[in-house]
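Remarks on the structure that follows.
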Amino acid sequence: WTFWYWMFGAVSKEGITADLEAMKRAGLGGTYLMPIKGIKEGPQYNGKAQQLTPEWWEMVRFSMEEADRLGLKLGMHICDGFALAGGPWMTPKESMQKIVWSDTIVDGGKIKGLHLPQPEAYEGFYEDISLFALPVKEEAADVMPAKITCANIATGNHIDIKKTVNMDDAGVIRSSYPCYIQYEYEQPFTCRNIEIILSGNNYQAHRLKVMASDDGVNFRFVKQLVPARQGWQNTDENSTHVIPATTARYFRFYWTPEGSEPGCEDMDAAKWKPNLKIKALIPGSEPKISQWEGKAGLVWRVAARTTDSEVPQTDCIKKENLINLTASMKDGVLTARLPKGTWKLLRMGHTATGHTNATGGAGKGLECDKFNPKTVRKQFDNWFAQAFAKTNPEVARRVLKYMHVDSWECGSQNWNKRFAIEFQKRRGYDLMPYLPLLAGIPMESVEQSEKILRDVRTTISELVVDVFYQVLADCAREYDCQF
């Protein structure tokens with residue numbers, strides 16, 4: 001068997017016959033028909049068969065007739081392109097979902113008609129889940145302004161000055177040689193986490209050694225940051241590294257490529273060119289779960305557990321101190337009464353992740369909700385099943401015998417309407433009181449927080465198998481196809 005890419009709609013009956021006859025001569029048993037991109041993406045090829053048009057389906061029909069003539073079998077992917085399962089028929093509501101939130105700091109007492117900021121809404125789609133009030137212990141700002149400087153610490157006679165550490169006008173820091181980045185505060189700042197913001201993948205940005213000083217001269221070691229295990233599709237979320245609470249006026253972030261030569265690193269393109277590139281470093285004072293973005297299932301990463309020394313139990317929100325205000329909010333407007341003190345209002349909801357089957361052409365659209373059997377079935381019905389409906393069904397039944405799912409390139413999903421129900425059914429307890437964990441906020445203890453987040457990821461993985469892949473397997477069997 002082989003892959004048979006139909007690129008940019010540039011396919012003809014003469015080409016189909018030539019390809020299939022060559023496959024037959026080579027002794028192949030069949031091929032996976034896989035269209036990639038559309039006519040507009042490759043106009044120089046003068047393609048005529050745009051996916052989903054009558055012209056394209058005629059080419060699919062003809063390929064089946066020719067394969068049948070030659071005694072070959074065909075397979076097709078579950079969507080246009082090779083990754084993963086989406087199409088223009090999917091609405092934002094039917095697509096892969098993620099938890100989003102906004103927060104607002106308020107004083108206790110009566111709150112009347114307070115308009116809360118709406119969290120992220122992909123193409124205008126957003127639905128509320130819950131509203132919580134969390135007690136705020138400290139009045140200090142989570143982030144303080146700092147003077148940022150960089151210094152090269154590389155030595156030797158063969159240094160390219162142009163590749164030593166520098167910060168451009170947009171604040172992006174780059175270096176190919178050992179260096180440090182320094183944050184200087186006017187007043188002592190208590191740092192508990194460092195959020196790393198990148199403009200793409202940069203493994204090296206997660207290998208910083210954190211040092212602190214009260215006078216800018218004598219520095220003490222705080223922590224060596226360790227990258228999460230990650231794949232190349234690692235850009236959906238930032239990365240928040242947690243450090244033991246450290247109060248200082250100066251923080252330095254040291255970097256060296258040493259120890260990350262090719263073969264030493266995790267899975268990332270940067271292992272062949274160990275350069276540092278950081279869009280922004282944001283030291284923060286709020287307690288967070290270390291690398292919570294991956295642990296909450298917003299992106300596929302595997303990181304070490306948060307320790308008690310990094311986030312003591314006194315920094316974790318107790319479930320009994322959390323106030324659920326969901327019933328007091330209507331259309332984002334809150335009327336309620338809170339106890340005395342300072343509170344963080346955490347408005348949590350969900351929206352589409354925005355991922356598409358990016359290698360598709362006219363069949364490109366939002367990725368289907370992987371936890372919903374109806375949307376998975378809708379994807380099947382609008383693509384693979386059409387290969388039978390739009391051609392000669394009798395020939396298609398003889399020839400199209402395999403349904404293929406190629407490459408998971410649609411990021412992650414950590415919510416849909418039934419996720420909390422499935423979580424309780426599978427894990428045996430209610431996730432809803434712990435929902436702030438999915439915003440990185442530690443609850444009860446780091447041990448319990450990590451356990452619940454692991455249960456979230458376990459539920460995600462089970463639903464992908466039990467819903468997405470199982471529904472596709474059942475659909476394939478209806479058409480006598482192997483999956």
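Everything numeric here is computed off the predicted structure, so don't read it as measured data.
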task: Taking the side chain as every heavy atom from C-beta outward, state whether Val172 and Met167 have any pair of such atoms under 4.5 Å apart.
output: no
task: Would you please indicate yes or no on a ring centroid separation below 6.0 angstrom for Phe483 and Phe384?
output: no
message: Out of the candidates Tyr434, Tyr429, Phe371, only one should pair with Phe423 under the ring-ring contact (aromatic ring centres under 6.0 Å, His included) rule; please name it.
response: Tyr429
message: Distance check, rounded to the nearest 0.5 Å: Asn324 atom CG versus Thr326 atom OG1?
response: 3.5 Å
- request: In plain terms, say whether Lys390 and Glu58 are close enough for a salt bridge, that is, a side-chain N and a carboxylate O under 4.0 Å apart.
  value: no
query: Can we say Asp103 and Arg347 salt-bridge, meaning some charged N sits less than 4.0 Å from an Asp/Glu carboxylate O?
result: no
message: Between Val311 and Ile289, is there a side-chain heavy-atom distance shorter than 4.5 Å?
response: no
- request: Using a strict cut-off of less than 4.0 Å between a Lys/Arg side-chain nitrogen and an Asp/Glu carboxylate oxygen, indicate whether Asp381 and Lys378 qualify as a salt bridge.
  value: no
- prompt: Is Leu131 close to Met348 at the side-chain level, that is, under 4.5 Å between some pair of heavy atoms?
  reply: no
query: When the ring centroid of Trp1 is compared with that of Tyr32, is the distance short of 6.0 Å?
result: yes
message: Could you tell me if the side chain of Asn238 sits less than 4.5 Å from the side chain of Leu198, heavy atoms only?
response: no
query: Do the charged groups of Arg69 and Glu65 touch, with an N to O distance under 4.0 Å?
result: no
task: Kindly indicate whether the side chain of Tyr254, heavy atoms from C-beta on, has any atom under 4.5 Å from the side chain of Leu208.
output: no
field: Spatial distance of atom SG (Cys481) from atom CE (Met76) [nearest 0.5 Å]
entry: 10.5 Å
- prompt: Does atom NZ of Lys73 have more than 12 heavy-atom neighbours, drawn from other residues, nucleotides or ligands, at distances under 6.0 Å?
  reply: yes
